[in-house]
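One structure is given below, encoded as C-alpha cells.
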Amino acid sequence: MRQRALSTWLTTLSVMLGVGLAVAIMILGRESQSLFGQNDYGFDAIIGKKGSKMQLVLNTIYHMDVSPGNIPYDQYTRLLDPHLPKGVPMPADNYFKYVKIAEPTVVGDTLNGLYRIVGVKTSFFGFDEHGDPLKPEDVLDYRPGQTLEIADGRVFALNKFEAVVGSDIPRLTGNGIGTSFQATHTPASPGHPADIHMQHWTVVGVLAPTHTAIDRVVYIPLLSFYTIAEHGAGLIAQAKLRQGEAPPDVDPDSDADQPHPPDAKGIEHFSNYNFDTNDQTIHLNLERLPPEVWAISAILVQSRGGDTEQALEYDLNNSTDVMAVNPASVMREFFNTFLSPMQWLLLLICSLVTIVAAVGILVSIYNSVSARLKEIAIIRALGATRTTVLTLICIEAGLVALFGSILGLIAGHGVNALGAWYMSRNYGEALGYDYIEFLFEAAYIVAVIVLAVFAGLVPAMKAYRTPVATNLVVT
Amino acid sequence: MGLLIHKLKKTFVAPDGSSVPVIDLPELYLADGQQVALIGTSGSGKTTLLHMIAGILAPDSGNVVFGYDPNKPDSNEPVDLTTLSEAQRDVFRGRNIGYIFQTHHLLPGFTALENVLLGMSFTGRAHDRGWAQHLLAEVGLSDRLNYKPQKLSVGQQQRVAVARALANRPKLVLADEPTGALDASNAQQVLDLIRKLCTEVGSSLLLVSHDLNIARQLPRVLTLTEINQTNAHGAEGKASAAAVGSLR
C-alpha cells in the first residue's frame, strides 16, 4: 500500500464516498421513518375539524400546511369536566371518561409571516392559571416522558399580552425575553401590504430545545387570540353558521380596532376586550364573545389508556363536523403508503453504491497489481509464497475497505448532521444523525469489507499467477 | 550446506514452437562456504540456472540438492528442491538462499533498513533489526538507514541489496551479475562486500558474471557454455578441459 500511497488513498476516498453515501441514505431512511412514521408522540389523539387527517396532523404537530378549520371551544370543555370554567354547565356528551389530559390550540397568525403563532393555555407548559406548576401527571408530554420546559424566563399570564417562544425563535427573529412583536395575519404580497394585528405581545419565556417543530413556534395565551378584532368577527360569524343562522353582514376588516387612549381609569376599550393599562390585563368582552362562540383549531389529547383512545375516536368520528385521529396511525399509514416503498429503493441504491465502491477497489488494486508485477516477483524471490501474496492483496483490499468504511461512516453521519441542521433550521424537526445503530452499521462495514476482499480476489489471483522468473528479468 | 546439481535440464519453447535447450548440466558441486564464479556469454543460461537453483524455476529434469555431503552420500539431511512443492521451495528459498540481482530490485516505497527487514519477512522468524542494521553498517550505509532507494546512488542501492541478501544468514548466496550495472570502482567495492559478508556469515557464493576480471577474483571459476556444458578454470582463471563432475 505504501508503494502506491496516492492510489491507495484515492481508492480509500472512493470507498469513503460510497460508504458515506450509503450510510447517509440509510440514516436518512431510518430517520424519515422515525420522523414521519413515528409512534412516539406524547399524546394519542388530535381532535379537529373533520377533513383530511394528514392535514390535521401536519398542521397541529409539524406546523405545516394550513389548518383544516376551527371547532367550537366547548368541544374542549366536554373533554375535561374538572376544568370547566365556573358557570359553564356540564355538557351531556362529555368525554371525560376517555380523556386524561387535553390541550386546546388555536392557529391563524404568524410572526413575520414565517413562524407560527399558536394560542394555548398555561397548562400546555405545565402550569395552572396562576402560574403554579401542575402535578407532572397532569402535564401533556410532547414525546413520551418529555414535557415542555421553560429554559429562560417564565410562563405567560393567561390574561396578558405575553408570549413564550420556542428555543430557535430568539436566534431566528431576535425576539428574546423582553422584546415585543405583533402578529401577522397575512404576509405582504405584491400590491398588498401585510395585514398586521394591532396588539403587541411581550416575550416573557423561552422554551428549552425540543428538536421538534415546537422550537420554531411562538405561543401566546389562548385568551389573547380572541382579543383580535378580526378573530372576534370571524368567531361570531362561525357561531352563527353553526347555529344555522346567517352570519352578520359585516366586513371583518371594518371591525378592526385602532389604538386609542385609555379612559380616566386607565382602561382601553376595544371591540372584543377592555385592556387595563394599570396591570396590563385583558378583560374579554364576554357579552360579545361568550365561550359558546370561541373556537379552536385542534385539541391534543392524552387518553386514559387501554381502548379509550379508540373509543374517543369512534365516538367523535360519528359526529358530522369533528374528528379524532391517532397521529401515530396517520403518520404510519402515510409512511407505509409513500415512504416504505422508498425504503426499498434506498436499500437498492445503497447496495449499488456499495458494489460500485467494491468495484472501485477491484479496479484500483488490479491496476496496482499490474503495475507491481516486478515488486511481486521480488517478494516472491525473497521467499513469499503465492498464498502469501494472495493473502497480502486481499488484506490490502480489506484494509482499504475498513479505513474507507470508517471514514465513510463518519462522513455519512456528518452529511446527516448537516441535513439535521438544515431540517432543524428550516422546519424545526431535527433528524437524529448522531445515533448509531451499532450492530447494523457494524454489520454493514463487515459486509463492505467482505465484499472488498472478494473484489480483491480478482487482482490477488493475478498476483498469485505472476511468474517470478519472467518479472525478475531486467528489461 | 553443500550444493549438488545433478543432470539438470531445462528447455524453453521458442515463439515458433520449437524447443530450445538452455541448460543441460551433468553435474556441479559447491562445497560449504565455497565461493565460485560462473561465467558465460549472454544467453548461455546463467540466470536460468540460478533461477532453478533458487527454486524460482522448475527444471525439466535433474536434481538440485542442498545439504549434500560427498562423504555421506546416503545421508537423509539433503533436500532436493526439485522434489518440493512450489510453496515449499519458496519457504526454503526464503530461509536458506540469498539472491542478489543485477539491478538492486529494492522496493521504492521502503527505506534501506525496511528493504533489508523485508528480506526477513517471509521466513517465519522474527525480524532481527540489530542484524539488519549491522549489515547496513558493514556495507557502509549506517547513516543511510532511513533513506529510500531513490535517494541513494546506484552503488549504494546495490549495497543495500547485498545486505538484504544476507539478511537471513543464508547457506547460499546467488549473485546474478551483481556488478553489471556499476562502474569499475563501485563494482569492486560491491564484490568485496559480497565476498566479505559471505565469509562472515559462512555462506557459499555462486556468482554469475560475464566479466572475467570480476570472476577471476573468486577462488573457483566455471564457464557455462551456450550448449549446456560447464568447464572449469583454475584459481588463476586459466581454462581447464576437465568436466564439471570431476571438479568436486
Side-chain angles (χ1 to χ4, degrees), chain A residues 1-13 364-400 403 456-457 459-475, chain B residues 10 12 22 46-59 84-111 114-125 148-149 161 164-165 167-168 170 174 176-177 180-181:
Chain A
M1 290 166 74
R2 280 170 49 190
Q3 290 279 96
R4 294 169 59 83
L6 179 62
S7 168
T8 302
W9 275 112
L10 288 176
T11 310
T12 306
L13 183 67
S364 169
I365 297 182
Y366 191 88
N367 289 338
S368 165
V369 165
S370 299
R372 289 187 299 176
L373 292 178
K374 192 176 87 172
E375 281 90 340
I376 291 167
I378 291 169
I379 64 169
R380 288 289 315 280
L382 293 175
T385 63
R386 287 181 189 272
T387 309
T388 303
V389 171
L390 183 136
T391 306
L392 285 173
I393 301 289
C394 288
I395 288 174
E396 178 179 343
L399 284 176
V400 167
F403 286 117
L457 272 176
M461 287 307 296
K462 180 181 174 73
Y464 183 88
R465 288 193 290 262
T466 298
V468 180
T470 310
N471 287 288
L472 280 176
V473 173
V474 179
T475 56
Chain B
K10 184 68 181 177
F12 287 145
V22 179
K46 303 186 295 293
T47 298
T48 301
L49 176 61
L50 291 195
H51 282 171
M52 286 193 292
I53 294 172
I56 290 171
L57 205 58
L84 301 180
S85 68
E86 186 183 26
Q88 288 172 324
R89 290 202 307 270
D90 292 335
V91 172
F92 185 88
R93 178 171 61 252
R95 290 182 175 177
N96 298 288
I97 301 174
Y99 209 120
I100 304 169
F101 306 95
Q102 181 174 354
T103 55
H104 54 82
H105 279 341
L106 300 176
L107 296 191
F110 291 71
T111 64
E114 289 168 340
N115 265 287
V116 177
L117 291 172
L118 186 70
M120 302 175 179
S121 297
F122 307 106
T123 60
R125 297 189 287 255
K148 291 189 175 173
R164 183 180 64 185
N168 295 319
L174 301 173
D176 188 1
E177 301 275 12

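Here the structure is a predicted model, which is why all the values come from computation and not from measurement. Note on naming: letters A, B, ... go to the chains in the order of the sequence lines (proteins, then strands), and numbering restarts at 1 for each one.
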- prompt: What distance do A:Thr385 atom OG1 and B:Arg93 atom CZ have between them, rounded to the nearest 0.5 Å?
  reply: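 With rounding to 0.5 Å, OG1 (A:Thr385) is 10.0 Å from CZ (B:Arg93).
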
Specify the closest pair of heavy atoms between [X] and [Y], including all atoms of both residues, with the distance to one decimal.
X: A:Arg380; Y: B:Asp90; answer: NH2-OD2, 3.0 Å
X: A:Glu375; Y: B:Pro108; answer: OE2-CD, 4.0 Å
X: A:Ile378; Y: B:His105; answer: CD1-O, 3.2 Å
X: A:Ala469; Y: B:Leu57; answer: CB-CD1, 4.0 Å

Using non-hydrogen atoms only, which part of [X] is less than 4.5 Å away from chain A: side chain, backbone, both, or neither?
X: B:Ala87; value: both
X: B:Glu86; value: side chain
X: B:Arg164; value: side chain

message: Other residues, nucleotides and ligands only: do more than 12 of their heavy atoms fall within 6.0 Å of OH on A:Tyr366?
response: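 Open: at most 12 neighbouring heavy atoms sit under 6.0 Å from OH of A:Tyr366.
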
query: Which is it for B:Leu107 and A:Ile379 under the side-chain contact (heavy atoms from CB on, under 4.5 Å) test, yes or no, and what are the steps along the way?
result: CA-CA 9 Å; B:Leu107 296 191; A:Ile379 64 169; 4.1 Å; yes

